[in-house]
Amino acid sequence: MAILRKYMGEAVGWAGALFSLLAFSLNSLGLTHGQSVEYLGMNIVGCLFLIFYGLTKKAHASYVLNTIFLLVAVIALVRAYLLQV
């Protein structure tokens, strides 16, 4: 059971990295923009997964940084939503 938990934790970490990389890539290639719901949503999901991964690995710098990125993305999403309404 411990080995399954280890691999699930690693999978969550890799999924978080892929979400963040995908968001960055789509934005850099001009396929989305920095205030779009898709971009911010991918960043939020990626940050949540990477925060979980950082906490399980006791990687303090990683989860603190991703928590800050998460807060920025959530604020940007709220602002983008409020500007649309």
Side-chain angles (χ1 to χ4, degrees):
M1 191 56 110
I3 214 154
L4 178 63
R5 193 171 25 226
K6 176 186 174 188
Y7 286 121
M8 289 301 293
E10 292 294 320
V12 167
W14 279 107
L18 288 174
F19 268 101
S20 294
L21 181 60
L22 180 61
F24 175 78
S25 298
L26 290 173
N27 188 38
S28 295
L29 294 171
L31 299 173
T32 188
H33 61 89
Q35 297 300 311
S36 70
V37 173
E38 296 82 12
Y39 173 77
L40 294 169
M42 285 186 281
N43 271 318
I44 289 169
V45 171
C47 285
L48 286 171
F49 286 176
L50 289 170
I51 289 167
F52 173 79
Y53 182 72
L55 285 169
T56 62
K57 296 293 183 178
K58 296 184 173 121
H60 305 298
S62 177
Y63 75 76
V64 168
L65 178 65
N66 278 292
T67 300
I68 294 167
F69 283 154
L70 175 66
L71 291 173
V72 170
V74 167
I75 290 168
L77 184 62
V78 169
R79 287 184 63 197
Y81 178 74
L82 289 177
L83 291 176
Q84 285 182 344
V85 173

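Because the structure is predicted, anything quoted here is derived from the model rather than measured.
Put simply, Val45 and Leu26 are part of the same group of oily side chains (I, L, V, M, F, W, Y) that touch within less than 4.5 Å, one to the next. Hydrophobic clustering, with ILVMFWY side chains joined whenever heavy atoms are under 4.5 angstrom apart, groups Leu48 together with Val64. Connection of Leu70 to Val37 is established within a shared hydrophobic cluster, with ILVMFWY side chains joined at heavy-atom distances below 4.5 Å, either directly or through further cluster members. When hydrophobic clusters are built by joining Ile, Leu, Val, Met, Phe, Trp and Tyr residues whose side-chain heavy atoms come closer than 4.5 Å, directly or via intermediates, Leu18 is not grouped with Phe52. Note on Met42: it does not cluster hydrophobically with Leu21, by side-chain heavy-atom contacts below 4.5 Å among ILVMFWY residues.
Rounding to the nearest 0.5 Å gives a distance of 11.5 Å between CD of Glu38 and CG of Leu31. The OG1 atom of Thr56 sits 12.0 Å away from the CE atom of Met8 when rounded to the nearest 0.5 Å. Here the straight-line distance linking atom CG of Leu40 with atom OG1 of Thr32 works out to 8.0 Å at 0.5 Å rounding. If you take CG on Leu77 and CD1 on Ile44, they are separated by 5.0 Å, rounding to the nearest 0.5 Å.
The number of heavy-atom neighbours closer than 6.0 Å to OH of Tyr39, taken from other residues, nucleotides and ligands shown, is above 12. More than 12 non-hydrogen atoms from other residues, nucleotides or ligands lie less than 6.0 angstrom from CG of Leu29.
Residues Phe69 and Cys47 come closest through the heavy atom pair CB-SG, 3.6 Å. Of all non-hydrogen atoms in Ala73 and Asn43, the two that sit nearest each other are CB-CB, 4.4 Å. The minimum heavy-atom distance linking Ser20 with Gly46 is given by the pair OG-CA, 3.8 Å. Across every non-hydrogen atom of Ala15 and Phe49, the tightest pair is CB-CD1, 3.7 Å.
Side-chain atoms of Thr67 come within 3.5 Å of backbone atoms of Tyr63 as a donor-acceptor pair (strictly under, hydrogens ignored). When atom types are taken as modelled, the side chain of Asn27 and the backbone of Ala23 share no donor-acceptor pair closer than 3.5 angstrom.
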Could you walk me through whether Lys57 and Glu10 pass side chain to side chain contact (heavy atoms under 4.5 Å, CB included), step by step?
-> CA-CA 10 Å; Lys57 296 293 183 178; Glu10 292 294 320; 3.0 Å; yes
